[in-house]
Each structure stands twice: as C-alpha cells, then as structure tokens.
Visitor: 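I'd like to ask you about the structure that follows.
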Amino acid sequence: MLQVVAIREQFESYVEGLNKRGIQNASDILNELLKIDDQRKSTQQSLEEILSESNQSAKIIGQLLKEGKKEEAESAKAKTSELKQQSKALGESLSALEEELKSKLYNVPNIPHSSVPAGKNAEDNEVVKLEDSSIPQLNEGAKPHWDLIEEYDIIDFGLGNKITGAGFPVYKKEGARMVRAMINYFLDQALEAGYQEVQPPILINEDSGYGTGQLPDKEGQMYQAMDTNMYLIPTAEVPITNLYRDVIIEENQLPVKNVGYTPCFRREAGSWGSHVRGLNRLHQFDKVEIVQVTTPDKSYETLEQMVGHVEKLVASLGLPYRILRLCGGDMGFTSALTYDFEVYSAAQQKWLEVSSVSNFETYQANRLKLRIKDKNGKKVLAHTLNGSALAIPRILAAILENNQTESEIHIPQVLHRYTGFESIKK
RNA sequence: AGAGGCGUGGCAGAGUGGUCGAAUGCGGCGGUCUUGAAAACCGUUGUACCGCGAGGUACCGGGGGUUCGAAUCCCUCCGCCUCUGCCA
C-alpha cells in the first residue's frame with residue numbers, strides 16, 4: 001500500500017499517476033486519506049498526553065503507598081480512574097481512525113511509473129517489441145491444441161472433469177513429460193542466471209495474502225481451504241515474496257534472487273467461452289516464478305534484467321513473441337510497471353500471455369514491512385519485483401500448434417535433453 | 001489429535017504486581033593500548049509512532065481482561081518443545 005508520508009510529499013504526481021489508471025477523482029481520494037491521517041495524529045497526541053499523565057500519577061501512587069500515606073494514595077487513585085475513562089475513549093477512536101485509514105489505503109492501487117501509458121484496457125497497451133518472424137505458415141488442416149491433445153492423447157480434460165472439475169486437466173504420457181521437462185528447463189535456466197531455488201508451501205495464510213496484495217481486493221480469485229483461514233496460492237509470488245515479510249535485509253545481502261516452481265490455482269470467476277478453451281485458461285496450472293528484492297535505485301535496472309531473462313527463455317523455444325508495456329488501466333493493482341510477454345499460437349491465431357514481469361516498488365514492501373538497512377544503519381523500504389519464467393500451459397499450447405505436422409509435433413531443441421524425445425507421434 | 005511444559009532485545013539468559021525498555025554474558029560498533037592483530041580496558045548498541053525541539057507514547061509471541069500501576073495475574077489464539085497416538 002501507499003505510504004501516507006509519500007502521498008503528502010508528492011500529492012500532484014500521485015494524482016496524475018492515479019489518473020493514468022482511469023481514476024478520475026484521485027485528488028478527492030487522496031485528500032480524504034490525508035484528512036483521516038491528520039485526525040489520527042491529533043487524536044494520538046491527546047491520547048498520549050493523557051497516558052503520560054496517568055503514567056506519572058501511577059508512579060506517585062506507588063511512592064505514596066510505600067511511604068504509608070494511604071489516604072492520599074486513595075484520592076489519587078480516584079483521579080487516575082477518570083483519566084483512564086478518557087484514555088479508553090480516545091484509544092477507541094484512535095484505533096477506529098487507524099482502521100479506516102488502513103482500509104482506505106488498501107483500496108488505492110500503486111502509482112504507475114512515468115513510462116506507463118495512460119489507457120483503459122488491453123487495447124491501449126504499448127507493444128515495445130515484436131518478434132513475429134518465426135510465425136509458422138500452417139497447412140490447411142492445422143488444428144488448435146485442444147484437438148491436437150485428443151489426437152495425440154496427451155492431455156485429458158474429461159478425466160480432470162471427473163476427478164475435480166472443469167479447468168483441471170490431466171496430463172498424460174508425452175504431455176506429462178513435457179510439463180516436467182519445461183519445469184526443469186525453466187528452473188535450470190534461472191539457476192544459471194543466479195537465482196536461488198526455493199520450494200514454498202502452496203497454501204498460505206491471511207497475513208501472506210495481505211502482504212503481497214491478493215487480499216483484500218482479490219479474495220474471490222483464490223480458492224479457500226474449507227474450515228481454515230488458508231488459501232491455495234494463485235501464484236508462487238505470494239509465498240516467495242512473503243518469505244521476506246517483517247524482515248530487515250542488510251544492503252550487502254542484496255539483491256535477493258529467488259526462483260520457485262509451484263502449481264497455481266485460480267478461480268477465474270466469470271470466465272467462460274471459446275477464448276478460454278483448452279489450455280488457454282485453467283483453474284490449476286504450473287508456473288516457474290522469479291522474485292527479486294532490491295534497492296530503490298536499482299529496481300528498474302533489475303526489471304530490465306528480468307525481462308531479458310524471460311525473453312531469452314521464450315526465444316530459446318523458438319516461439320514468436322511480443323513484449324507489451326501495460327497501460328495504466330490494464331496493470332495489476334499493486335504494480336508500478338508491468339511488461340507482459342505473449343506468444344503467438346498459430347492455429348488459434350491468438351497471442352497468449354505467458355509471462356508478466358512487474359516492479360512493485362515499495363507498494364508490497366510497505367505492507368510486508370520489508371526493509372533494507374544500509375551501511376550507516378539507515379532503513380528504507382525495499383523494492384520487490386517478480387515475473388513468470390514461465391507459465392507452462394500456454395507455452396505448451398503454442399508449441400503444439402506451431403510445431404505440428406501431419407504426423408507429429410516437433411519439440412524445441414532446448415527441451416530434448418529434458419523430454420527424452422524429439423517429437424510427439426501418434 | 002490428546003496430556004504436560006515453554007514463548008523476554010541479534011543470540012544466550014535473569015526478572016513473577018510499582019522509577020523495567022528491561023540485569024548479566026556473548027556478539028556488533030567506536031576508542032585506548034599495539035608495527036599489525038589478538039587479549040585486556042573504557043564507551044556505545046532494539047523498533048515504530050507523535051512532536052520544530054525538549055520530550056512523549058507504545059511494544060517482553062498475537063489479541064482481550066483485572067489493576068491507580070502488568071514482562072510479571074486471568075482469558076483466548078498462535079507457535080515451539082517433551083511424552084502418547086497416527087502417518088508419507
């Protein structure tokens with residue numbers, strides 16, 4: 001969440017930033033926050049005065065009792081009781097104000113970076129790179145992946161339907177081995193790029209949900225484990241970034257670079273139709289995620305480096321891709337700048353999002369209380385970043401469609417040593 | 001899952017109702033000594049919020065309560081340890 005101090009100091013640019021997201025009454029919203037904060041301060045001041053007074057008199061009472069002056073002590077007690085009534089009332093209004101401030105702050109999204117284009121939706125995203133020379137010319141009878149997986153019998157939606165429900169596919173034979181191969185390939189590539197591998201829990205508690213911003217605004221997107229306050233993770237970002245909740249990192253330990261593979265679970269409420277057919281949108285899917293924690297002055301450099309890593313992965317698979325800089329209206333709630341990667345899936349003739357790389361600046365760190373201590377002992381909020389590297393099902397869909405022939409599907413060369421086969425045959 | 005025990009500053013470890021934000025040791029930082037280092041000695045060393053400042057307030061796992069006053073008493077939740085049970 002945003003810091004009130006920062007809102008105060010950079011009011012105008014924050015208003016502009018929120019406008020880019022399509023929030024028109026931004027200055028009203030921010031002014032309201034400042035007003036509540038002012039009330040909070042003055043309430044806190046009066047409360048602390050009273051507490052100070054009653055602390056003093058408690059000490060005096062102790063002294064009096066020690067000296068055996070019982071009656072004086074009793075009358076002092078009576079007075080102090082009055083103070084207590086006052087402080088109780090003030091304490092209650094203080095915490096009410098704090099609650100109000102916090103819940104309002106939770107509902108204000110991050111301020112977009114200056115390079116973020118204004119815009120309403122996906123149509124206003126800016127294409128920063130287009131690599132489409134590898135778009136294949138498919139034969140007449142080329143099939144979308146949902147037909148191919150049946151033909152080659154490598155993914156079974158019907159079975160998934162039976163044991164769980166729609167959106168939970170069962171990968172079989174070469175399909176299952178492809179998934180495993182890609183996970184290993186992506187992890188190995190990240191290790192080579194200097195990331196440390198972690199395997200986090202895939203069930204998280206509420207604190208973690210708030211820490212990275214899934215709660216309270218995206219509660220409906222997550223599956224909740226019945227009779228518990230735990231949620232299935234929608235992305236490894238949540239547990240991996242929350243590793244650093246309530247942590248102070250020494251500056252010389254930076255950057256923190258973690259990579260993790262996890263399944264991801266998304267309810268995706270309200271999405272039906274042909275555009276979500278097959279592997280395009282699932283309730284459970286596999287993803288390798290990279291997460292970095294770094295200093296404010298280096299985070300945009302880090303973002304470029306992460307984008308470079310993802311680009312290398314996509315390119316190595318021989319898939320046509322493009323990189324988008326998301327506009328204010330399409331960007332995630334907590335992000336300051338997001339690049340999306342899309343690969344072209346030639347049979348359905350669609351660009352599919354396979355990665356999203358974001359800099360959250362201090363937005364998550366403020367919720368997480370994740371700080372950096374520099375050489376002089378000064379503490380500042382860290383910057384957090386993450387990116388998919390990569391999400392597996394749509395990559396698989398594009399490979400299946402783009403590499404199909406009449407009788408087989410070719411597997412990208414970099415995966416051969418992981419799959420143990422070079423093509424999928426009927 | 002049941003029974004019992006425990007949860008104090010970076011770590012170890014005192015403190016069981018009244019100047020306790022908290023003894024002591026280790027570690028860290030600064031200094032004296034030394035050619036340099038070690039040892040020794042001296043000093044210093046938590047976080048957050050409010051305030052221009054002096055200063056104030058809160059925090060001894062989390063939340064609530066009793067009391068003029070709580071690290072200390074009570075309730076509750078969480079976590080850890082031990083024993084029993086179960087189990088990949």
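On a predicted model such as this, the values are computed, not experimentally measured, just so you know.
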Visitor: Which whole number of Å gives the distance between the C1' atom of B/rA88 and that of B/rG17?
Guide: 50 Å

Visitor: Salt bridge check: are A/Lys104 and A/Glu100 linked by an N-O gap of less than 4.0 Å?
Guide: yes

Visitor: Which residues in residues 36-43 of chain A have a heavy atom closer than 4.0 Å to any atom of RNA chain B?
Guide: A/Arg40, A/Lys41

Visitor: Nearest heavy atom decides the nucleotide; on that basis, is A/Ala58 or A/Lys373 closer to the 5' end of RNA chain B?
Guide: A/Ala58

Visitor: Need one value for A/Ser81: base, sugar-phosphate or nothing, where a base atom within 4.0 Å counts as base even if backbone is also close, heavy atoms only.
Guide: sugar-phosphate

Visitor: Looking only at atom P, what distance separates B/rG30 and B/rA38, rounded to whole Å?
Guide: 12 Å

Visitor: Would you be so kind as to tabulate the donor-acceptor pairs closer than 3.5 Å made by side chains of residues 323-340 of chain A, with sequence neighbours excluded?
Guide:
residue  : atom : partner  : partner atom : Å
A/Arg325 : NH1  : A/Glu126 : OE1          : 3.2
A/Arg325 : NH1  : A/Glu126 : OE2          : 3.1
A/Arg325 : NH2  : A/Tyr339 : OH           : 3.4
A/Asp330 : OD2  : A/Asn125 : ND2          : 2.9
A/Ser335 : OG   : A/Leu337 : N            : 3.2
A/Ser335 : OG   : A/Leu337 : O            : 3.3
A/Ser335 : OG   : A/Thr338 : OG1          : 2.6
A/Thr338 : OG1  : A/Ser358 : OG           : 2.8
A/Tyr339 : OH   : A/Glu304 : OE2          : 3.3
A/Asp340 : OD1  : A/Ser356 : OG           : 2.8

Visitor: With the side chain counted from C-beta on, respond yes when A/Glu361 and A/Tyr300 share a heavy-atom pair under 4.5 Å apart, and no when they do not.
Guide: yes

Visitor: Within the 4.0 Å heavy-atom criterion, would you say A/Leu83 contacts the bases, only the backbone, or no part of the nucleic acid?
Guide: nothing

Visitor: How are the rings of A/Tyr223 and A/His283 set relative to one another: parallel (under 30°), tilted (30 to 60°) or perpendicular (over 60°)?
Guide: perpendicular

Visitor: Please give the distance between the P atoms of B/rG62 and B/rA37 as a whole number of Å.
Guide: 43 Å

Visitor: Quick one: on RNA chain B, does A/Lys379 or A/Gln45 contact a more 5' nucleotide (nearest heavy atom)?
Guide: A/Lys379

Visitor: With C1' as the reference atom in both, quote the distance from B/rG46 to B/rG27 in angstrom, rounded to an integer.
Guide: 14 Å

Visitor: Please check if any side-chain donor atom of A/Tyr195 sits under 3.5 Å from a side-chain acceptor atom of A/Gln292, or the reverse.
Guide: yes

Visitor: Report yes if some heavy atom in the side chain of A/Ile411 is under 4.5 Å from a heavy atom in the side chain of A/Asn403; otherwise report no.
Guide: no

Visitor: When the P atoms of B/rG51 and B/rA40 are considered, how many whole Å apart are they?
Guide: 46 Å

Visitor: With rounding to whole Å, what would you report as the distance between B/rA22 and B/rG10 at their P atoms?
Guide: 15 Å

Visitor: Could you tell me the boundaries of the chain A footprint on RNA chain B, defined by atoms under 4.0 Å from its heavy atoms?
Guide: B/rG18 to B/rG69

